[in-house]
Structure formats: C-alpha cells, structure tokens
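Taking it in order: structure first as structure tokens, then the write-up.
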Amino acid sequence: MSNYGKKEPERFQKNAICSKNRRNGTDIYGKKMSCRLKAGLFGGDCRTDKLYIIERLLDRLNTSGVEIHIRSEFYAFLEQALGRRPQVSGVLEGDAFDLDVALSVGGDGTFLRTAALINRQRIPILGINTGRLGFLADVSEDQIEDTLAELTAGNYKTEERMLLELQTKGHALREYNHALNEVAILKRDTSSMITIHTYLNDEYLTAYQADGLLIATPTGSTAYSMSVNGPILLPQSDNIVLSPVAPHSLNVRPLVIPGSQRIRLVVESRTQSFLTALDGRSEVMPIGTELTVNKGNYTLNVVKRHQHTFYRTLREKLMWGVDGRVKE
C-alpha cells in the first residue's frame, strides 16, 4: 500500500512541536518540559579542505542544544582527521536508530547510503552538501546556520519520495533491495551489448539491445537517467522512467510509465552474466536471473527548507537561464 498523502508520523509531529517550544521550556499546554532534538550524523571520508564545514556543523548543533549521535564509521574518520574526539552524545551502531532527524553530510552518494541505512524507519533526512552538484544534498555551506536554526525551530517541510523495490528469481540479492534513485541493469566492463527483454504488467514491451537499462524514480530522474537524456520528473510524480544506456537503435527512446506498473526483465549476455546496481550498490548476476521492479510499499522522508523548491533547484544546479557568453 502506498504511503502517499498520509499524515506525517505522530512521533515527528510531536518533536516539531517540542522544538518550537524549546526556548520557553513549555509544551503546547503550557506545562514544563524537557526536550532536545535528537539528530544523527551520517557521512564518509571527505577531503581535508572540507573538514571545517563539518566542524561548523558540529559547533552549531552543540550551541543549539541538539543531542548529536554519529554513525560509528563517520565518527572514526572524524576522530582521526580532526585529531580529537568530536563532542557528541553517542555513536550509532547497527541498523536501528532512535532519532528525530538524520543529517547526511557529503554529496548525493552519501545521501543515498544514508537512505539505505534509514530503510523503513521513517526518519526524515536532511542533506548537507560538502561535495559538488547536489540535488538531494542541497544545503550549501553558506546555508548551514540558517538551516539548523529553522530545523531546531520546527520551521521546515518534509517531502515523501518514491522508492523502487527489486525482487530476483534465480539469484538471491545480498543487500538492501530498495533504491531511491534507480535500478540499473548494465553490461560488465568492456563486454558486448546485452539484450534486456522487458515486460510491463506481463505484457511484452521490447528487447533493449544496449549497454544497459535504467529504471528511475522521479528523484532519480535528475541523476544517472538525466545523463543518458532521460526526462526530468517532479519529485511528487507517481511515475517511473525507463532510460536505455547507449541503445543499438537510435529510435529507442526513454519511456515514462505509471508507478503502478510491474516491470519484469530477462537478460541475455555473451558473457553469461550482467551487473545490477541499486543506487550504485552493484552485484554480478548470472544469465537466467529474472528481475522484477515495483514501486516500493513505503516512502522516504526528505527534509527541505521552505524556500528550497524543485524549480529553484533546477535553475541553480543546472544553471537554467544563464547565458555563458555574459561575463560578470
């Protein structure tokens, strides 16, 4: 069952109310209360010249009275890179997190890994960008202080994002079988093209002869799919994009289908194997493996600032309307 249109989880609604009343120490009924926003930091190795951004983030969180917990791998990296132990309340282990919000510190790749760790826990994720182009991690360095002030005050919005679920027959998946951006079926290394027989709700569509096929969500339409000339979809769209990678026939174009469609794939390859990647997490699969891709039965919550609209993101990230001939 889809979660679209459902009310935000009661847990997070209460926390937002708690955040708004933190300064005067009362709840919505005027009673005394003790409440701290509990945030988890997720990240990976980053360039040393970007460490100051993380230090600013930690300082701001501590100053704001936020209870900080850092994923163990990220904590170990920061401890070594900074030459000291970060001032935090705890370290996150395992795959179950008692958090109000997850802060993904890095680029879009870090955001995708954070989403895989959060899984079904419905913890909203805020992406803080320490990389380059970021559609998911869209809070830039100069916006950190304002964004955290809005977060602790409960002045933000959340967007539900569709996920894809991959099921296999003939080969068991080793890892998390959901993708926020795309499921990619690809040839291996420098091998010949592969043939991907594609069925929609068991009706035969076509056999893609190509280097691969991308099955992308609206969120993923601005990622790998966009790089192979797939269309851009609004994040709220209930659609899926099929985008071939370097197809043999030029008349094979990207296709937008309803999110309710079940996609079944059967792959042929001279190498007797092919690559399947979910948001970059790849596995080699043998010929004979049947793949089924559906819209996931749960969604991911993404934290956004009120002025961060998708249209504004397109203008800024893709430089729409900018004349490269005009020099400032």
Side-chain angles (χ1 to χ4, degrees), residues 9 11-12 15-16 18-19 22 34-131 134 136-154 156 158 175-176 180 279-281 300-305:
R11 174 194 59 76
F12 196 64
N15 186 72
C18 176
S19 298
R22 183 178 293 108
S34 175
C35 171
R36 296 179 68 192
L37 185 70
K38 193 172 183 180
L41 265 62
F42 297 79
D45 295 0
C46 71
R47 290 163 30 192
T48 55
D49 62 340
K50 297 292 184 179
L51 285 173
Y52 75 94
I53 300 177
I54 300 174
E55 291 188 279
R56 277 178 52 197
L57 175 62
L58 289 170
D59 288 343
R60 179 65 188 187
L61 289 170
N62 280 307
T63 302
S64 302
V66 175
E67 186 178 334
I68 310 170
H69 296 258
I70 302 185
R71 179 69 178 175
S72 56
E73 298 89 346
F74 193 34
Y75 182 89
F77 164 74
L78 290 177
E79 184 178 15
Q80 182 177 15
L82 297 175
R84 58 179 173 81
R85 293 183 176 180
Q87 183 182 345
V88 297
S89 300
V91 177
L92 300 172
E93 302 278 3
D95 55 9
F97 312 118
D98 179 22
L99 300 171
D100 298 312
V101 64
L103 305 182
S104 174
V105 185
D108 283 356
T110 302
F111 193 102
L112 294 173
R113 289 189 290 272
T114 302
L117 289 169
I118 295 301
N119 203 328
R120 296 176 179 267
Q121 296 177 79
R122 300 286 294 168
I123 299 170
I125 306 175
L126 173 67
I128 297 174
N129 195 343
T130 62
L136 293 168
D138 60 354
V139 175
S140 60
E141 173 189 346
D142 61 337
Q143 298 171 338
I144 288 176
E145 283 77 13
D146 289 342
T147 302
L148 293 182
E150 293 167 359
L151 183 68
T152 55
Y156 56 87
T158 58
E175 299 184 19
Y176 177 61
L180 175 61
D279 288 345
R281 308 183 307 274
L300 186 79
N301 281 339
V302 179
V303 176
K304 295 290 184 182
R305 302 181 69 189

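The one candidate from V91, L41, L103 that meets the side-chain contact (heavy atoms from CB on, under 4.5 Å) condition with I70 is L41.
The shortest non-hydrogen separation linking R47 to D49 is NH2-OD2, 2.8 Å. Contact between G43 and T110 at its shortest, heavy atoms only, is CA-CG2, 3.7 Å. Contact between C46 and L51 at its shortest, heavy atoms only, is SG-CD2, 3.8 Å. The heavy-atom pair separating A149 from R60 by the smallest distance is CB-NH2, 3.6 Å.
Separation of atoms CZ (F42) and CD1 (I128) is listed at 12.5 Å; rounding is to 0.5 Å. One finds the CZ atom of R71 at 12.0 Å from the CZ atom of R113 (value rounded to the nearest 0.5 Å). Taking NZ from K304 and OG1 from T158, the interatomic distance works out to 11.5 Å, rounded to the nearest 0.5 Å. Here the straight-line distance linking atom CG of D146 with atom CG of L151 works out to 12.5 Å at 0.5 Å rounding. To the nearest 0.5 Å, atom CG of residue L99 and atom CD1 of residue I68 are 12.0 Å apart. How far CZ of R84 is from CG of L78: 9.0 Å, rounded to the nearest 0.5 Å.
Side-chain contact between F111 and L300: present, with at least one pair of heavy atoms (C-beta onward) separated by less than 4.5 Å. Looking at heavy atoms from C-beta onward, T130 lies out of side-chain contact with Y52 at the 4.5 angstrom threshold. Here the side chains of L92 and L117 are not in contact, with every heavy-atom distance at 4.5 Å or above.
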Report task. Using the side chain to side chain contact (heavy atoms under 4.5 Å, CB included) rule, take T152 and L61 through it: C-alpha gap first, then chi angles, then the decisive distance, then the call. Result -> CA-CA 9 Å; T152 55; L61 289 170; 5.9 Å; no
Query raised in the report: Could you go step by step and tell me if F97 and N119 meet the side chain to side chain contact (heavy atoms under 4.5 Å, CB included) rule?
Result: CA-CA 10 Å; F97 312 118; N119 203 328; over 6 Å; no
Query raised in the report: How far apart are the C-alpha atoms of L148 and V66, what are their side-chain angles, what is the distance that settles it, and do they pass the side chain to side chain contact (heavy atoms under 4.5 Å, CB included) test?
Result: CA-CA 10 Å; L148 293 182; V66 175; over 6 Å; no
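A donor-acceptor pair under 3.5 Å is formed between the side chain of D108 and the backbone N or O of A137. Under a 3.5 Å cut-off, the side chain of D100 and the backbone N or O of L37 do not form any donor-acceptor pair. A donor-acceptor pair is defined here as one N or O able to donate and one able to accept, closer than 3.5 Å; such a pair exists between the side chain of N62 and the backbone of L58. Of the possible polar contacts, one joining the R36 side chain to the G65 backbone as a donor-acceptor pair under 3.5 Å is found. Not a single donor-acceptor pair under 3.5 Å links the side chain of E175 to the backbone N or O of R281.
Annotation: D95, atom CG; neighbour count of heavy atoms from other residues, nucleotides and ligands within 6.0 Å does not exceed 12.
Salt bridge absent: E141 and K50 never bring a charged side-chain N and a carboxylate O closer than 4.0 Å.
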